[in-house]
Amino acid sequence: MIELVLFAGRIVLVILLYVFLFAVMKTGVGLVRGQRRDGAIWSIDVEKGSKSLRGLHVDMLGPVVVGRAPSSDIVIDEPFVSAMHARFTLQGPALVLEDLDSTNGTLVNGHPISQPVTLRDGDEVQVGDAIMRVSRR
């Protein structure tokens, strides 16, 4: 009799485990879909800069670092650009730009920034000689 109860307990445990895994998988897939849909709303287009940079298009799917370091997402190889110069981040539906204590600063629509700035569609960001335009789809 005890073996029958243990066997039934194992069956119930396996069923609960599969229900739990299915619920976690369904939630995880929903989160990934939501991040991709929301994350690709913003994009960065390099309009002016070196020939290798001009025309570069980056969809925002996470933080984007701009700088001279090869590990940067957008590499601007100019002497007036710091290794880690500025960072674009998504905060909910908003795109925020922050200067990472660069030596020569970052400009938004021609004005230097000293703290994180929430960007709007069509804003122009200048890092060194490179000019990038942010757009929202």
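Both backbone and side-chain heavy atoms feed into the values below; hydrogens, waters and symmetry mates do not.
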Shortest non-hydrogen contact from [X] to [Y]?
X      : Y      : result
Leu119 : Phe88  : CD1-CE2, 3.7 Å
Ser82  : Thr103 : OG-N, 3.1 Å
Pro70  : Val75  : O-CG2, 4.0 Å
Thr89  : Pro63  : CG2-CB, 4.0 Å
Pro79  : Arg68  : O-NH1, 4.0 Å
His57  : Arg137 : NE2-NH2, 3.4 Å

To the nearest 0.5 Å, how far apart are [atom1] in [X] and [atom2] in [Y]?
X      : Y      : atom1 : atom2 : value
Ile113 : Leu97  : CD1   : CG    : 4.0 Å
Leu95  : Asp123 : CG    : CG    : 9.0 Å
Met1   : Leu4   : CE    : CG    : 6.0 Å
Thr106 : Asp101 : OG1   : CG    : 10.0 Å
Asp45  : Asp59  : CG    : CG    : 8.5 Å

Give a yes or no answer on whether the side chain of [X] reaches the backbone of [Y] with a donor-acceptor pair at less than 3.5 Å.
X      : Y      : result
Trp42  : Asp121 : no
Ser72  : Ala69  : yes
Arg136 : Ile41  : no

Hydrophobic cluster identity match, Leu90 and Val108, side-chain contacts under 4.5 Å: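 Same cluster.
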
Common cluster, Ile15/Phe7, ILVMFWY with side-chain heavy-atom separation under 4.5 Å: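 In one cluster: yes.
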
Pair up each side-chain donor or acceptor in residues 124-132 with any protein partner under 3.5 Å, not counting sequence neighbours, and list the distances.
| unit_1 | atom_1 | unit_2 | atom_2 | d |
| --- | --- | --- | --- | --- |
| Glu124 | OE2 | Arg133 | NH2 | 3.0 |
| Gln126 | NE2 | Gly128 | O | 3.0 |

4.5 Å side-chain heavy-atom contact, Val117 and Glu98: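 No; the side chains remain at least 4.5 Å from each other.
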
Heavy atoms from other residues, nucleotides or ligands near CZ of Arg120 exceed 12 (cutoff 6.0 Å):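 No.
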
Those residues that, when tested against Asn104, pass side chain to side chain contact (heavy atoms under 4.5 Å, CB included) (two or more places apart):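 Side chain to side chain contact (heavy atoms under 4.5 Å, CB included) list for Asn104, sorted by chain: Phe80.
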
Side chain to side chain contact (heavy atoms under 4.5 Å, CB included) against Leu56, all qualifying residues, sequence neighbours excluded: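 Leu56 satisfies side chain to side chain contact (heavy atoms under 4.5 Å, CB included) with Val46, Leu53, Val58, Ile74 once adjacent residues are dropped.
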
